[in-house]
Amino acid sequence: MKLLGKKGASAKITRRAFLKKVGAAAACATLAFSLVGCSSGTSSSSAGSSASADIDYSDWDAVVEAAKGQTVTWYGWGGSEPRNTWIETELAPALKEKYDITLELVGMDINDILTQLSGDKQANVSEGTIDFIWINGENFYTAKENGYLWGPFTDYLPNFNDYIDAESPEVAYDFGSPTEGYEAPYGKTQMEMWVNSEVVPNPPTTVEEFKAFCEANPGKVTYPQPGDFTGTAFISCLIAGVIGDDEFEKLSMMENPTPEEVKAIIEPGLEYLRSLNPSLWNGGATFPADSTTLSTMYADGEVIMNMGYGDPQALVDDGALPATTKPFIFNTGTVGNSNFMAIAYNAPHKAAALVAINEIESPEMQLQQYEVLGNLTVLDTAKLSAADQAAFANVELGASQLSSSELLSHRVTEAAGPVIPIIEQLWLDEVVGK
């Protein structure tokens, strides 16, 4: 496998920067194009290569045969070394051995991926260089709105049909946008916080305790500026803890929200965030620009708490964090979402992309992701064999890892894509420096 790392862009995924590029008007979930027919699987906006145009994608044996010998590109954030290593050492060899497919992982910021697809679209490029993409949230519904994606395709995938609950809200919707078969999930993640237990033996478990924790450690706690993916998710956890998850989850289904409507729901949370500022790093006048900056501050001891999607076990195993690192969540829950894969409208190797996505959704690969990366499975475990269910249940967790049952029982659905920029702007206008 060819592993390119981060290509020509930072690893940070910044919603506000992307929306400036593409335009907020694209933030709706209407279908930009459809299939000519389910039996052919050929998008009306791109015929693709002559070879792919002849494939009956509903015939899985034909798809597997067509994929043999192909090199398929997977574009997405390349900033997670544990994830890159798993892809390089486990997924790529399996695809080569089982299907004679070569996987090429291309690390690129999602903004640049969509800019490239936009350029292809404007230039009428029928066969591009991107096959499938790690994509989420408003980036997904913007891509679908603009016709950058091929599909629907999930009905072609045996593992999706056999093991995934397509009606589950976390499969059927991505940040409130209907997926409609244009995305396939590959892992669930959830916000967690962590501390060095030798420094913080009793981390806070409620928003009230978190405020007291900040007051007891003035200047030693902060969070990334919302607009950064992690910063927005963290303030969402705090707001949900203040207003309640039922009230917060109203935000997950808002299609055309106004700032006034969103503010009416989250105002108590904004007031809570303002109340934290005097105790935060730099008095809440400024915040770290992104999660990478906060991680550096945490590693240097400048702050005593860090956070992110997923647990810190891989960082502990790599020696980046001490063995005394302990994760925690709030009793009121933390936000979670599913990671998805989509296929570019002009993907040159659609058959290989389908086979690769199907393999990622196999019980074997889902179990490996849970064991190695701590990714919660997207599979409906009730649909698994008894042996596979036992394998998931018997995964030995690390000391810096929370169980899937604890996480899923404290899971809050994230706000819909159109709501998120409003929350970020309200924070910018009414919290920072206040």
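Positions are given from 1 along the sequence.
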(message) Please tell me whether Thr142 and Asn139 have a donor and an acceptor in their side chains that are separated by less than 3.5 angstrom.
(response) no

Step-by-step side chain to side chain contact (heavy atoms under 4.5 Å, CB included) determination, Glu167 to Val171: CA-CA 7 Å; Glu167 303 303 316; Val171 175; over 6 Å; no

Backbone N/O of Asp131 and side chain of His349: donor-acceptor pair under 3.5 Å
no

- Mark yes or no for whether Glu247, through its side chain, and Gly244, through its backbone, hold a donor-acceptor pair below 3.5 Å. no

Could you go through Glu90 and Arg83, starting from their C-alpha distance and side-chain angles, then the distance that decides it, and tell me whether this counts as salt bridge (charged side-chain N to carboxylate O under 4.0 Å, His left out)? CA-CA 10 Å; Glu90 300 294 342; Arg83 175 181 173 273; over 6 Å; no

Side-chain heavy-atom pair Pro418, Asn256 within 4.5 angstrom cut-off:
no

_As a quick check of understanding, evaluate side chain to side chain contact (heavy atoms under 4.5 Å, CB included) for Asn337 and Lys188, giving each step before the final call._
CA-CA 6 Å; Asn337 63 36; Lys188 289 181 180 179; over 6 Å; no

(request) Could you tell me whether Glu88 and Lys96 make a salt bridge, using a distance below 4.0 angstrom between a side-chain N and a carboxylate O? (result) no

Ser338 and Glu170 have their tightest heavy-atom pair at OG-O, 3.3 Å

Point to revise | Glu104 versus Trp74, side-chain donor and acceptor atoms under 3.5 Å | key: no

Interatomic distance, OG@Ser252 vs CZ@Phe175, rounded to 0.5 Å, equals 11.0 Å

Worksheet entry | Gln116 side chain to Asp120 side chain, donor-acceptor N/O pair below 3.5 angstrom | no

Whether Asn282 side chain and Ala285 backbone form a donor-acceptor pair below 3.5 Å: no

Check: Any luck finding a side-chain donor-acceptor pair between Tyr309 and Glu192 under 3.5 Å?
Finding: no

d(Ile329 CD1, Thr205 OG1) to nearest 0.5 Å is 10.0 Å

Is there a donor-acceptor contact under 3.5 Å linking the side chains of Glu424 and Thr232? yes

| query | Does Lys144 come within less than 4.0 Å of Glu183, counting only side-chain N to carboxylate O? | reply | no

Residues Glu208, Lys211; criterion salt bridge (charged side-chain N to carboxylate O under 4.0 Å, His left out); working and verdict: CA-CA 5 Å; Glu208 294 81 13; Lys211 182 177 180 181; over 6 Å; no

Discussion item. Assess, by modelled atom type and distance only, whether the side chains of Gln190 and Thr334 contain a donor and an acceptor separated by less than 3.5 Å.
Written reply: yes

_For Phe210, I'd like to know if atom CZ has over 12 heavy atoms of other residues, nucleotides or ligands within 6.0 Å._
yes

*asked:* With a 3.5 Å distance limit and no angle check, can you tell me whether Asn346 reaches the backbone of Val125 through a side-chain donor-acceptor pair?
replied: yes

(Q) Do Asp109 and Trp77 make a side-chain contact, defined as non-hydrogen atoms from C-beta onward lying under 4.5 Å apart? (A) no

**OP:** Consider only side-chain N and O atoms of Asn196 and Trp194, and report whether a donor and an acceptor are under 3.5 Å apart.
**Re:** no

Lys/Arg cation over aromatic Tyr57: Lys350, 6.0 Å, 45° cone
no

message = Parallel, tilted or perpendicular: which one describes the rings of Phe287 and Tyr223, with boundaries at 30° and 60°?
response = tilted

dist Ile266:CD1 -> Glu261:CD (nearest 0.5 Å) comes out at 12.5 Å

*Is there a donor-acceptor pair closer than 3.5 Å between any side-chain N or O of Lys434 and the backbone N or O of Glu271?*
no

Nearest heavy-atom contact between Val72 and Ile101 is CG1-CG2, 3.6 Å

Pro288 and Thr293 have their tightest heavy-atom pair at CB-CG2, 4.1 Å

Here the gap from Glu359 atom CD to Leu157 atom CG, rounded to the nearest 0.5 Å, amounts to 11.5 Å

Close side-chain approach of Lys250 and Ile265, heavy atoms under 4.5 Å:
yes

Closest heavy-atom pair, Pro268 versus Ile243, reported as atoms and distance to 0.1 Å, is CB-CG2, 4.0 Å

- Query: Angle class for the Phe330/Phe328 ring planes (parallel below 30°, perpendicular above 60°, tilted otherwise)?
  - Reply: perpendicular

For the residue pair Pro224 and Leu294, establish whether any side-chain heavy-atom pair is separated by less than 4.5 Å. yes

**Asked** Mind checking whether Phe132 and Ile360 have side chains closer than 4.5 Å, heavy atoms only?
**Response** yes

Residue pairs meeting side-chain hydrogen bond (donor to acceptor under 3.5 Å, both in side chains), one or both in residues 376-392, sequence neighbours left out, come to Gln366-Thr377, Ser385-Asp388

Within-4.5 Å side-chain heavy-atom neighbours: Val335 and Thr413: no

Do Trp281 and Glu302 meet the criterion of a side-chain donor-acceptor pair at a distance under 3.5 Å?
-> yes

Is it the case that the side chain of Tyr182 and the backbone of Gly151 share a donor-acceptor pair, with hydrogens and angles ignored and the cut-off at 3.5 Å? yes

Shortest non-hydrogen pair, Ser400 vs Gln313, comes out as N-OE1, 2.8 Å

Closest non-hydrogen contact found for Asn306 with Ser295 is ND2-OG, 3.2 Å

- Item | Lys/Arg-Asp/Glu bridge criterion (N-O < 4.0 Å) met for Lys263, Glu260 | no

TODO: I would like to know whether Val432 and Thr286 meet side chain to side chain contact (heavy atoms under 4.5 Å, CB included); could you show each step before the answer?
DONE: CA-CA 7 Å; Val432 61; Thr286 59; 5.9 Å; no

Walk me through it: do Val378 and Tyr163 pass the test side chain to side chain contact (heavy atoms under 4.5 Å, CB included)? CA-CA 9 Å; Val378 299; Tyr163 302 120; over 6 Å; no

Taken to the nearest 0.5 Å, the spacing of Cys214 SG from Glu209 CD works out to 12.0 Å

Practice item. Please examine the side chains of Asn339 and Pro185, heavy atoms only from C-beta on, and report whether any two atoms are closer than 4.5 Å. Key: no

Legend entry - Ile422 side chain near Pro257 side chain, heavy-atom distance below 4.5 Å: yes

field: Donor-acceptor contact below 3.5 Å, side chain Thr73 vs main chain Thr129
entry: yes

Exam field: side chain Thr325 to backbone Pro322, donor-acceptor pair closer than 3.5 Å: yes

Exercise for the section: List the steps and the verdict of side-chain hydrogen bond (donor to acceptor under 3.5 Å, both in side chains) for Gln368 and Trp86. Expected result: CA-CA 9 Å; Gln368 283 190 11; Trp86 174 78; 3.1 Å; yes

Have Thr179 and Asp174 got a donor and an acceptor in their side chains that come within less than 3.5 Å?
no

Interatomic distance, CG@Leu91 vs OG1@Thr85, rounded to 0.5 Å, equals 13.0 Å

The ring pair (Phe, Tyr, Trp, His ring centres under 6.0 Å) partner of Trp134 among Phe140, Tyr75, Phe340, Tyr186 is Tyr186

